[in-house]
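The structure appears below as structure tokens.
Each chain gets a letter, A, B and so on, in the order its sequence line appears, and its residues count up from 1. Values in this document were obtained by computation on a predicted structure and should not be read as measured data.
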Protein chains: 2
Amino acid sequence: MEIDKIIHEPARLRIMMILSGVDEVDFSFLLSTLEMTKGNLSSHMDRLEQAGYVEIFKNFNGKIPHTVYRLTKTGKTALSKYWKSIDEIRKSI
Amino acid sequence: MEIDKIIHEPARLRIMMILSGVDEVDFSFLLSTLEMTKGNLSSHMDRLEQAGYVEIFKNFNGKIPHTVYRLTKTGKTALSKYWKSIDEIRKSI
DNA sequence: GCAAACCAGTTTGTGTTACAAACCATTATT
DNA sequence: AATAATGGTTTGTAACACAAACTGGTTTGC
């Protein structure tokens with residue numbers, strides 16, 4: 001089984017794991033939790049969206065923009081497949 | 001815990017796992033097992049050596065050059081640390 | 001005997017990409 | 001009115017994974 005490189009990138013793996021637990025999360029939360037730069041986080045979220053693994057919802061909190069991310073079904077599946085592929089490598093220990 | 005990027009690269013992770021099982025392996029074996037190009041394999045082995053994770057032994061099989069790789073103690077430690085860091089991320093499931 | 005093909009790798013060139021810095025638009029704050 | 005803060009996006013760049021081309025020597029075919 002091939003390793004999914006979209007998920008394999010450590011930053012994105014952590015993002016996926018967080019999303020898999022909470023069903024909805026916003027930019028600021030990820031930013032402070034993962035301690036990365038905004039630009040970096042932003043582009044990782046783009047890649048995850050383009051892969052179809054997350055949905056991005058943009059709305060306003062009053063006048064302040066607010067972006068919320070949610071794992072898609074495709075994303076959930078991909079994540080569990082990812083762990084299976086990791087297991088496959090690891091089980092040879 | 002930080003993810004060790006040297007090991008995290010899928011090709012090198014597989015190499016490390018093979019080495020962790022057999023204590024000594026040659027270039028051709030890795031090449032046919034992993035199905036990668038020679039150039040690619042060669043540079044991954046370089047990186048692993050530079051990280052201090054493998055030792056490279058070059059000798060001759062009769063007249064034909066023969067390269068053998070062996071996991072170092074540092075490499076073994078790094079690999080088991082790597083799996084711990086993966087577990088750390090995964091346990092949040 | 002000398003090309004051609006082969007073996008065992010290494011070096012080189014390139015497209016991708018992870019990351020941070022700079023930027024943008026708006027809203028507090030002093 | 002200037003400055004800082006919020007919530008992001010866009011841009012620039014160094015690193016790097018990969019394949020193609022190369023090297024140095026050996027065996028095979030004619």
- Message: Below the 4.0 Å mark, does dG9(C) have OP1 or OP2 next to a side-chain nitrogen or oxygen of S42(B)?
- Response: no
- Query: Reckon H44(B) has a side-chain N or O less than 4.0 Å from the OP1 or OP2 of dC18(D)?
  - Reply: yes
- Query: OP1 or OP2 of dC19(C) less than 4.0 angstrom from a side-chain nitrogen or oxygen of T37(A), does that happen here?
  - Reply: no
- Please state whether the phosphate of dG7(D), meaning OP1 or OP2, lies under 4.0 angstrom from any side-chain nitrogen or oxygen of S28(A). yes
- Message: Using a 6.0 Å cut-off, check whether atom CZ of F29(B) has over 12 heavy atoms from anything other than its own residue.
- Response: no
- Item | Closest-nucleotide ordering on DNA chain C, the 5'-leading residue of M36(A) and I56(B) | I56(B)
- N-O pairing of R70(A) and E24(A) below 4.0 Å: yes
- Task: In whole angstrom, give the distance that lies between atom CD1 of I7(B) and atom C1' of dA17(D).
- Result: 17 Å
- Item | Protein-nucleotide distance (D46(B), atom CG; dA17(D), atom P), rounded to Å | 12 Å
- Query: Does the side chain of K58(A) get closer than 4.0 angstrom to OP1 or OP2 of dT9(D) through an N or O atom?
  - Reply: yes
- Query: How far does CG of L79(B) sit from CG of D4(B), to the nearest 0.5 angstrom?
  - Reply: 9.5 Å
- Item | Protein-nucleotide distance (H66(B), atom NE2; dT26(D), atom C1'), rounded to Å | 16 Å
- Cationic N near anionic O, under 4.0 Å, R14(B) to E88(A): no
- Atom CD1 of I6(A) and atom P of dA17(D) are separated, to the nearest Å, by 16 Å
- Atom pair distance, as rounded to whole Å: CG in N61(B) and P in dG9(C): 9 Å
- Toward the 5' end of DNA chain D, by each residue's nearest nucleotide, I64(A) or K63(B): I64(A)
- Query: Would one find a side-chain N or O of N40(A) under 4.0 angstrom from OP1 or OP2 of dA20(C)?
  - Reply: yes
- Task: For the side chain of E9(A), starting at C-beta, report the closest nucleotide among dC18(D), dC19(C), dA8(C).
- Result: dC19(C)
- Note on the structure: Here the distance between atom P of dT17(C) and atom NE2 of H8(A), to the nearest Å, is 14 Å
- Query: Base, sugar-phosphate, or nothing: which does K38(B) touch, judged by heavy atoms less than 4.0 Å apart?
  - Reply: base
- Ring centers of F60(A), H66(A) separated by less than 6.0 Å: no
- Task: Respond yes when some side-chain nitrogen or oxygen of R47(B) is under 4.0 Å from OP1 or OP2 of dA15(D), and no when none is.
- Result: no
- Euclidean distance, atom CE of residue M45(B) to atom P of dG9(C) [Å, nearest integer]: 11 Å
- Query: Taking atom P of dA20(C) as reference, at what distance in whole Å does atom CD of E35(A) sit?
  - Reply: 12 Å
- Query: Closer to the 5' end of DNA chain C via nearest nucleotide, is it P65(B) or K5(B)?
  - Reply: P65(B)
